[in-house]
Amino acid sequence: MTTQITSARPAAGPRKGSRRRPAAPSATTVGRPGFAWALPAAVFFALFAIVPLIMVAVLSFMTWDGLSSPQFVGMDNWSRLADDPVMLKSIWLTLLLTVLGVVIQTPLSIVLGVWAAGHQRNRAVLSVIYFIPLLLSATAVSVLWRALLDPNFGIPAEATWLFGDGNLFGEQATAIGVLAFVSTWQFTPFHTLIYQGAARAVPQVLYQAAEIDGAGRYRQFFHITLPQLRNAMITSMILMIVGGLTTFETVLILTQGGPGTDTTISAYYMYDKAFKGFDYGTGSAIALALVVASTIISLIVVRVSGYDKMRSSMEGVS
């Protein structure tokens, strides 16, 4: 009879001198900083955006000249704006300038952005020169073009064969054309920068596959580049729309709403009512209407374009 002797092994444990690895952080803690990190920005945004917006909303239901005590008038400011022909005209002019900005700047920015993303000779130098207007403020740009287009001492006075009497600010059509041109000259470099970054993010493997299939440069642009720029295009258009609805400095310096009220857009009309006419209640109503209109239009663009369900343009590319 044989007896089998078994010895129990000691439980496994950390070896002497070895260090225990710390437990891996859970998925809920990775990349999710606490609320304290966002608190300074939230306080800053509340003080300089939310609180003033609430004050403007309250003031839009009052009458105030800036000196006496505000008086509650209910919907009187809003009802007067609804029957004000200048206000209705300013809405149409604001929409016109916004549409002109989107229609002109979008194709121009796309072409320049795609070109700037390439490897052409002297591309970097030309891009730097082209981006100079982006470094200037809207006030500086407006003062510059006001001097250049002065009917007495500017370019139109020296080129009457092209500009006629030289007074580009004397008629509505030419004045609106000047506003659209100056806005395009100043803000196209910004949107070009957006498209340049998006074009550089397009995977090169797509172009290589297209070349193997025999696609030329133009087919690659329309069938590869443009679809890949969709998300950047939506972002750029939203910024153009909001910027067009809130344009102010350009009109103030170049035309001051003239001739007459032919270039009086909503933002300038708000300034005219509040700071020239000392009617801060009506001016606040116009400001609140601009905020609401900008928000609604932006949300419509986001929903219609599917931007809220945006996916990466590199999805499926290995």
Name all pairs fulfilling the side chain to side chain donor-acceptor pair (under 3.5 Å) condition that reach into residues 242-256, sequence neighbours left out, sorted by first residue then second.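 Residue pairs passing side chain to side chain donor-acceptor pair (under 3.5 Å), neighbours aside: Thr255-Thr263.
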List the steps and the verdict of side-chain hydrogen bond (donor to acceptor under 3.5 Å, both in side chains) for Thr264 and Ser90. CA-CA 6 Å; Thr264 301; Ser90 70; over 6 Å; no
Is the ring pair Phe61/Trp78 parallel, tilted or perpendicular, if the boundaries are 30 and 60 degrees? tilted
Specify whether Tyr280 and Phe278 have parallel, tilted or perpendicular ring planes, treating 30° as the upper limit for parallel and 60° as the lower limit for perpendicular.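 Because their plane-to-plane angle is over 60°, the rings of Tyr280 and Phe278 count as perpendicular.
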Pairs touching residues 199-218 that satisfy salt bridge (charged side-chain N to carboxylate O under 4.0 Å, His left out), sequence neighbours left out: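 Every pair satisfying salt bridge (charged side-chain N to carboxylate O under 4.0 Å, His left out) with a residue in residues 199-218: there are none.
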Summary of salt bridge (charged side-chain N to carboxylate O under 4.0 Å, His left out) pairs that have at least one residue in residues 156-173, sequence neighbours excluded: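 Qualifying pairs: none.
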Counterpart residues, salt bridge (charged side-chain N to carboxylate O under 4.0 Å, His left out), relative to Asp272 (two or more places apart): none
List the atom of Thr98, the atom of Met240, and the distance in Å for their closest heavy-atom pair.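 What the structure gives for the nearest pair is CG2-O, 4.4 Å.
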Look at the side chain of Gln220 and the backbone N and O of Ala215, then say whether any donor-acceptor pair between them is shorter than 3.5 Å. yes
Give every residue pair that meets the ring-ring contact (aromatic ring centres under 6.0 Å, His included) criterion with at least one member in residues 138-173, sequence neighbours excluded.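 For residues 138-173, and leaving out neighbouring residues, the ring-ring contact (aromatic ring centres under 6.0 Å, His included) pairs sorted by first residue read Trp145-Phe181, Trp145-Trp185.
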Residues in ring pair (Phe, Tyr, Trp, His ring centres under 6.0 Å) contact with Phe190, at least two apart in sequence or another chain: none
Aromatic contact between Phe222 and Tyr218, with the criterion being ring centroids under 6.0 Å apart: yes or no?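 Distance test on ring centres: not under 6.0 Å, no.
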